[in-house]
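First the structure, in the form of structure tokens, and then the observations on it.
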Amino acid sequence: MPASKDPASSSKPSPSAWKIPWFNTRLTTDIRWYFSAQPLFWLLGIEFFAPVALMGWFLFKRLLMNARLRIPVATWSAIMLFLWQLAHISTVQSGEMDLFVKAQGTLLALICLFVVIYNAADTSQKWTDILVSIERLGNIALFFGALFILGLWSGKFRSLLGIVLPRALVSGSFFFSSLAERQLGVSEPATGFRRVQSTFWHPNGYAAVLLLLFGIQWYLLRRDGWRKQPWRVLALILTLAQLFFTYSRTSYVALIMMAFVLWWLEKGNYRNRLLRLLFVAGMLTGFVLYVFIALLAEGTITFSLLNQFVYGIRPYSISTRLLIYQETWRLLLQKPLWGWSTLVRIEGLPSYFSAGSHSDFLSILFQYGIPALLFYLVFLVSIWRVQVKGYRLAQDPEAKRFFAVAMAIMLAIVLRQLTSGLFWDVYVASVIWGIWALSLARYTLLQRQTQTVSS
């Protein structure tokens with residue numbers, strides 16, 4: 001199979017021509033600038049609008065250059081999810097239209113990003129460039145996160161968009177207030193803990209980025225050697241430190257499970273059927289115990305250390321989540337197939353704690369019904385199957401290690417999505433979908449290499 005042409009390669013400018021990011025640069029360069037520009041978009045307050053516009057432009061740019069556009073099979077279930085969600089516009093109230101448009105714009109941008117990365121990473125070098133671009137975004141976020149943790153920048157200020165927008169619009173919309181108010185972290189009123197969020201919208205989203213960053217750092221360190229890149233070792237340590245300061249307990253559990261999966265896959269124990277069964281049983285048991293302890297056994301734990309971990313860090317978090325989940329299920333039973341189209345306010349709680357929030361799976365099910373959840377689950381399973389196939393097909397230890405990391409990341413993200421909404425911040429979701437797209441692109445490259453060798 002011949003390699004696809006990069007859009008910018010068909011009309012190369014002269015060496016003296018100015019390179020304008022996103023216009024006359026290569027697609028891999030466009031993607032690198034997309035991830036690197038996140039802090040700038042954050043300062044401007046356009047970190048939602050810019051990705052939606054850029055992803056559409058990247059896709060159009062590739063078509064404009066007459067480059068071949070491949071759409072992986074997994075993408076079709078995501079496209080069906082988008083179309084099904086879009087059909088709900090007829091039942092959205094006018095006061096909720098901003099959040100509905102925001103949600104559909106985010107999903108559309110993610111689908112475009114997925115297709116663009118899959119097509120752009122058509123050689124090993126381009127694939128590596130995109131992976132390093134995601135790492136670069138994480139490293140920039142580590143810098144801003146360190147400023148908050150060290151107390152060098154802990155106040156609030158308004159983004160440029162926040163200065164321009166009418167105050168009535170900002171105060172009346174959770175979406176626009178998220179774009180207007182800038183801070184690198186939040187202080188928990190009950191405990192005084194300072195939760196770092198860097199240039200993202202919430203500490204939980206930043207925790208998910210840090211989990212993925214840890215996986216990327218681990219893979220690149222193992223590939224290139226620890227001694228040759230001491231700066232990356234330092235960055236990995238800083239990643240783990242900042243993950244702690246997000247005070248996201250599910251992320252702690254996800255990190256432990258992620259590390260265990262990496263160890264287990266790198267040892268090659270997947271070949272033993274008994275160990276596979278023990279692994280799956282152990283993961284399910286660990287998850288059930290976590291849900292029981294963290295969500296259902298509030299106030300019944302006597303072991304002081306565990307009690308402090310579950311309830312002492314943020315004592316109101318679990319009780320609030322329980323209320324959200326209970327109200328979500330109560331309302332969901334009224335419209336299980338179609339859903340409510342938007343989140344629903346819970347009396348006595350801020351809009352951030354609406355029914356259908358604090359879980360991507362529950363949110364999709366609550367807002368868009370059972371068909372939407374099935375579309376999303378098919379999308380996840382499609383990616384996971386490709387990762388497993390890549391792990392089994394790879395003979396090169398470096399390629400096998402990447403698919404091991406990708407599967408570990410998949411497990412960590414799925415666990416995070418059970419108790420958090422990772423689609424709210426489009427850049428958090430971009431990092432996640434970027435890794436998934438690279439998994440499919442790497443498998444395609446691996447198939448191409450295998451066919452070349454066999455022929």
Side-chain angles (χ1 to χ4, degrees), residues 20-23 25 27 29-62 64 78 81-82 85-86 88-89 92 94-117 133-134 136-137 140-141 144 156-184 197-202 205-206 208-209 342-343 351-352 363 367 421-434 437:
I20 304 176
W22 305 317
F23 287 94
T25 50
L27 197 56
T29 304
D30 294 339
I31 296 171
R32 182 173 71 244
W33 277 102
Y34 167 73
F35 284 112
S36 299
Q38 188 267 346
L40 175 61
F41 294 154
W42 177 78
L43 290 170
L44 295 175
I46 59 173
E47 70 271 27
F48 164 73
F49 302 106
V52 174
L54 285 174
M55 288 306 107
W57 164 245
F58 291 168
L59 203 59
F60 177 74
K61 179 180 178 180
R62 187 172 183 90
L64 194 64
L81 174 62
F82 170 74
Q85 291 187 179
L86 191 62
H88 285 66
I89 192 171
V92 178
S94 58
E96 304 292 337
M97 189 59 68
D98 59 338
L99 293 181
F100 180 81
V101 172
K102 186 266 174 196
Q104 309 324 311
T106 297
L107 181 56
L108 181 60
L110 293 175
I111 293 173
C112 292
L113 174 70
F114 192 89
V115 174
V116 166
I117 289 181
S133 298
I134 299 176
R136 185 176 293 112
L137 166 62
I140 296 173
F144 284 97
K156 294 183 179 181
F157 67 96
R158 280 183 172 263
S159 65
L160 181 61
L161 183 66
I163 296 174
V164 175
L165 289 175
R167 290 189 176 273
L169 178 62
V170 173
S171 60
S173 170
F174 180 62
F175 168 52
F176 285 107
S177 65
S178 299
L179 293 171
E181 300 293 336
R182 307 284 78 165
Q183 56 186 351
L184 295 175
Q197 67 187 58
S198 189
T199 55
F200 298 93
W201 281 3
H202 194 273
Y206 185 42
V209 173
T342 59
L343 302 177
S351 60
Y352 176 71
S363 181
Q367 294 183 77
L422 302 183
F423 286 169
W424 177 247
D425 188 330
V426 66
Y427 259 102
V428 172
S430 292
V431 174
I432 297 171
W433 284 53

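Just so you know, residue 1 is the first one in the sequence shown, and it goes up from there.
- Closest approach of Ala109 to Pro51, counting heavy atoms only: CB-O, 4.2 Å.
- Closest non-hydrogen pair, Phe144 versus Leu184, comes out as O-CD1, 3.5 Å.
- Residues Gln85 and Leu108 are not in side-chain contact: their nearest non-hydrogen atoms beyond the backbone lie 4.5 Å or more apart.
- Of the inter-residue distances, the one linking Glu181 atom CD with Lys156 atom NZ reads 6.5 Å to the nearest 0.5 angstrom.
- Taken to the nearest 0.5 Å, the OG atom of Ser430 stands 8.0 Å off from the CD1 atom of Ile117.
- Between Val116 and Arg62 there is no side-chain heavy-atom pair separated by less than 4.5 Å.
- Note on ring orientation: taking the six-membered ring where Trp is involved, the planes of Trp42 and Phe157 are perpendicular (angle over 60°, cut-offs 30° and 60°).
- Pairs passing the salt bridge (charged side-chain N to carboxylate O under 4.0 Å, His left out) check and including a residue from residues 33-58, sequence neighbours excluded, read Glu47-Arg182.
- The aromatic rings of Tyr427 and Phe41 are tilted relative to each other, their planes meeting at an angle between 30° and 60°.
- Looking only at distances, no side-chain donor or acceptor of Lys102 sits under 3.5 Å from a matching main-chain atom of Phe176.
- Separating the OG atom in Ser36 from the CD1 atom in Ile31 is a distance of 11.5 Å, to the nearest 0.5 Å.
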Verdict with supporting geometry, Trp201 and Val426, side chain to side chain contact (heavy atoms under 4.5 Å, CB included): CA-CA 10 Å; Trp201 281 3; Val426 66; over 6 Å; no
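- Among residues two or more places apart in sequence or in another chain, the side chain to side chain contact (heavy atoms under 4.5 Å, CB included) test is passed with Trp33 by Pro21, Trp22, Thr29.
- Nearest approach of Gln367 to Thr342, heavy atoms of both residues: OE1-CA, 3.5 Å.
- The structure places CG of Asp425 at 9.5 Å from CD1 of Ile432, a figure rounded to the nearest 0.5 Å.
- Between atom OG of residue Ser363 and atom CZ of residue Phe423 there is a gap of 9.0 Å, rounded to the nearest 0.5 Å.
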Please report the C-alpha distance between Arg136 and Arg32 in whole Å, then the side-chain angles of each, then the deciding distance to 0.1 Å, and finally whether the side chain to side chain contact (heavy atoms under 4.5 Å, CB included) criterion is met. CA-CA 9 Å; Arg136 185 176 293 112; Arg32 182 173 71 244; 3.1 Å; yes
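- The two atoms that bring Ile111 and Ala78 nearest to each other are CD1-O, 3.4 Å, heavy atoms only.
- Rounding to the nearest 0.5 Å gives a distance of 5.5 Å between CH2 of Trp433 and CG of Leu107.
- Across Leu86 and Gln104, no two heavy atoms sit closer than the pair N-OE1, 4.2 Å.
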Take Phe175 and Trp424 through the test side chain to side chain contact (heavy atoms under 4.5 Å, CB included) and record every step on the way to the result. CA-CA 9 Å; Phe175 168 52; Trp424 177 247; 4.1 Å; yes
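- Counting all heavy atoms, side chain and backbone alike, Pro39 lies closest to Ile140 at CG-CG2, 3.3 Å.
- Between the side chain of Tyr34 and the main chain of Met55, no donor-acceptor pair closer than 3.5 Å is present.
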Validation: residues 159-169 side-chain donor-acceptor distances under 3.5 Å, sequence neighbours left out:
from, atom 1, to, atom 2, distance (Å)
Ser159, OG, Gly162, N, 3.1
Ser159, OG, Leu179, O, 2.7

